[in-house]
Amino acid sequence: MPKSPSLFDFHLLLLFTIFSLAAADAIAAARPITQQFKEAPQFYNSEICPKIVGEDDESDNGTSIFLCSDQSVHVAMTLDSAYIRGSMAAVLSILQHSSCPQNIVFHFVASATANASFLHATISSSFPYLSFQVYSFDDSSVSRLISTSIRSALDCPLNYARSYLADLLPSCVRRIVYLDSDLVLVDDIAKLAATQLGENSVLAAPEHCNANFTSYFTLTFWSSPTLSLTFANRKPCYFNTGVMVIDLDRWRRGDYTKKIEEWMEIQKRTRIYELGSLPPFLLVFAGNIVAVDHRWNQHGLGGDNLKGLCRDLHPGPVSLLHWSGKGKPWVRLDANRPCPLDALWAPYDLLQTPFALDS
């Protein structure tokens, strides 16, 4: 008669099953993302658009003159596999509402550990006519400075890449519009890019002076005369760093990357804030920025950083919808739990559905 399985045999089977599942999870995590995206329609300049002189020529260092032109609208965004669906929607919305879409240059920043060729190919296949560059961001340059925050997604080193744009982009790029990947525009980005920064300001963004500014820093910060004095002679207001117009020339001259890093080093020694990459920007710039109309960042549509509950628009006109917060529209739509405003993001979604692939 065949021998009945022993308790030892069951333990072996259980261990084998556990290790097999773990191996399967590891293999799945290592696979490249399988999302496929549709090709976007091509958009053309209107007759009023300036022609970029020498747009097919190169400068002495091999950089495209089109890439360096002050007549181009330069847009910087981060790019990774987790948020690429949002990035694709953002790019489409920018082009669709631009009067001069062929004069827009995109500067994408990707982690040095990412599959850059895949990201480049993904953008090219959906936007074969797009003027863009992908820059490699060395995570190790900032990882040592990052402190844990209230949401793990905020601790991703790529979230801090906006602090290094002046170093990553060619020195000939003097002004940039920085945008997060979880937003769409419904207005011409050239209007935002044309924001006047005055004689001294480094950046412009919508300010929210009714927000409780003190809540962005800990009691340790406010109880320290030395630290809290950083806001002396300033009237600091909260601003969201997901939409900014930045003068990169002034940033470079003022060495503002180093100033941000200095605050991050203080944070490592003494916990003075809880919210990732935002507080260092507030510490360096709050009270010294050019205020942009709120229509250019209707933010918070992703809810708070803990639950990501649905939110309404702020009162007033809208030029840009921003799903900052925990909830992302593509995640909620896929889960069949969308918020009402997620329907405004959906028309820009380029994801190729299985039904479309089969047809």
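In what follows, every heavy atom counts, from backbone to side chain, and hydrogens, waters and symmetry copies are set aside.
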Counting N and O atoms only, with roles assigned by atom type, does the side chain of [X] sit under 3.5 Å from a partner on the main chain of [Y], one being a donor and the other an acceptor?
X	Y	result
S324	G300	yes
Y129	S124	no
S181	S87	no
S93	A90	yes
D80	Y83	yes
K268	I146	yes
Q71	I52	no
R175	I246	no
S277	Y160	no

Discussion item. Pair F137, L158 - check side-chain contact (heavy atoms from CB on, under 4.5 Å), show working.
Written reply: CA-CA 8 Å; F137 177 60; L158 198 59; 4.1 Å; yes
Discussion item. With a sphere of 6.0 Å drawn around NZ of K235, does it hold more than 12 non-hydrogen atoms of other residues, nucleotides or ligands?
Written reply: no
Item to complete: Check the surroundings of atom CZ in R337: do more than 12 heavy atoms from other residues, nucleotides or ligands lie under 6.0 Å from it?
Response: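 Atom CZ in R337 is not packed in, count stays at 12 or less.
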If I take atom [atom1] from residue [X] and atom [atom2] from residue [Y], how far apart are they, to the nearest 0.5 angstrom?
X	Y	atom1	atom2	value
S98	D188	OG	CG	4.5 Å
Q133	H74	CD	NE2	11.5 Å
I266	M264	CD1	CE	12.0 Å
L179	F106	CG	CZ	8.5 Å
L278	F239	CG	CZ	7.0 Å
L321	L183	CG	CG	9.0 Å

Residue pair [X] / [Y]: nearest heavy atoms and the distance that separates them:
X	Y	result
R234	P236	O-CD, 3.2 Å
L168	A161	CD1-O, 4.3 Å
P170	L67	CG-CD2, 4.1 Å
Q352	K38	OE1-CG, 2.6 Å
Y273	P280	OH-CG, 3.4 Å
P128	E39	CG-OE2, 3.6 Å

Worksheet item: Can you list every pair that meets disulfide bond (SG atoms under 2.5 Å apart) and has a residue in residues 203-233, with sequence neighbours left out?
Response: C209-C237
Worksheet item: Is there any disulfide bond (SG atoms under 2.5 Å apart) pair reaching into residues 249-280, and which pairs are they, with sequence neighbours excluded?
Response: none
Item to complete: State which residues pass side-chain contact (heavy atoms from CB on, under 4.5 Å) with R332; sequence neighbours excluded, sorted by chain then number.
Response: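 For R332, the residues satisfying side-chain contact (heavy atoms from CB on, under 4.5 Å) (neighbours in sequence not counted) are W323, C339, D342.
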Worksheet entry | Pairing residues for T122 by the side-chain contact (heavy atoms from CB on, under 4.5 Å) criterion, not counting sequence neighbours |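 Partners of T122 by the side-chain contact (heavy atoms from CB on, under 4.5 Å) criterion, ordered by chain and then number, come out as F37, I84, M88, F118.
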Worksheet item: Can you name the salt bridge (Lys or Arg N to Asp or Glu O under 4.0 Å) partners of R252, sequence neighbours left out?
Response: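 Salt bridge (Lys or Arg N to Asp or Glu O under 4.0 Å) check on R252 returns D249.
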Discussion item. Once salt bridge (Lys or Arg N to Asp or Glu O under 4.0 Å) is applied, do any residues pair with D139, and if so which ones, sequence neighbours excluded?
Written reply: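 With neighbours one apart ignored, the set is empty.
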Does the side chain of [X] pick up a donor-acceptor pair with the side chain of [Y] at under 3.5 Å?
X	Y	result
S117	N115	yes
Y44	Q42	yes
S224	T226	no
S72	N103	no

Worksheet item: Please walk me through it: do V173 and V105 pass side-chain contact (heavy atoms from CB on, under 4.5 Å)?
Response: CA-CA 10 Å; V173 180; V105 180; over 6 Å; no
I want to check something: taking the side chain as every heavy atom from C-beta on, are [X] and [Y] in contact at a cut-off of under 4.5 Å?
X	Y	value
I176	D247	no
L119	V134	no
D187	L320	no

Worksheet item: side-chain hydrogen bond (donor to acceptor under 3.5 Å, both in side chains): which pairs involve residues 254-267, sequence neighbours left out?
Response: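 For residues 254-267: Y164-E261, W251-T257.
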Fill in: Criterion side-chain contact (heavy atoms from CB on, under 4.5 Å) on L169 and L248, from CA distance to verdict
CA-CA 9 Å; L169 272 57; L248 294 179; 4.2 Å; yes
Worksheet item: Can you pull the salt bridge (Lys or Arg N to Asp or Glu O under 4.0 Å) pairs that have at least one residue in residues 157-172, sequence neighbours excluded?
Response: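 For residues 157-172: R162-D180.
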Worksheet item: Does anything in residues 82-99 pair up under salt bridge (Lys or Arg N to Asp or Glu O under 4.0 Å), and if so which pairs, sequence neighbours excluded?
Response: R85-D334, R85-D349
Worksheet entry | Worked check of side-chain contact (heavy atoms from CB on, under 4.5 Å) between L283 and F231 | CA-CA 8 Å; L283 286 160; F231 293 118; 3.9 Å; yes
Worksheet item: Quick one: do D70 and R174 make a salt bridge, cutoff under 4.0 Å?
Response: yes
What pairs of donor and acceptor atoms, side-chain ones from residues 213-223 against any protein atom, are under 3.5 angstrom apart with sequence neighbours left out?
residue	atom	partner	partner atom	Å
T214	OG1	N212	OD1	2.6
S215	OG	N212	O	2.6
T218	OG1	T220	N	3.4
T218	OG1	F221	N	3.4
T218	OG1	R271	O	2.9
T218	OG1	I272	O	3.4
W222	NE1	T214	O	2.9
S223	OG	L219	O	2.7
S223	OG	T220	O	3.2

Practice prompt. Assert yes or no for the condition that the ring centre distance of F108 to H120 is strictly below 6.0 Å.
Written response: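 Here the rings of H120 and F108 have centres that are no less than 6.0 Å from each other.
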Worksheet item: How about Y135 and H107: are their ring centres within less than 6.0 Å of each other?
Response: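 Ring-ring flag for Y135/H107: true, centres closer than 6.0 Å.
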Atom pairs and distances, donor-acceptor, side-chain atoms in residues 286-297, under 3.5 Å, two or more places apart:
residue	atom	partner	partner atom	Å
D293	OD1	R295	N	2.9
H294	NE2	E207	O	2.4
R295	NE	S319	OG	2.8
N297	OD1	H322	ND1	3.0
N297	ND2	N240	OD1	3.3

In residues 194-202, what donor-acceptor pairs under 3.5 Å come from side-chain atoms, sequence neighbours left out?
residue	atom	partner	partner atom	Å
T195	OG1	L192	O	2.6
Q196	NE2	A194	O	3.2

Worksheet item: In the single-linkage hydrophobic clustering (I, L, V, M, F, W, Y; side-chain heavy atoms under 4.5 Å), do L309 and L344 co-cluster?
Response: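 The answer is no; the residues belong to distinct hydrophobic clusters.
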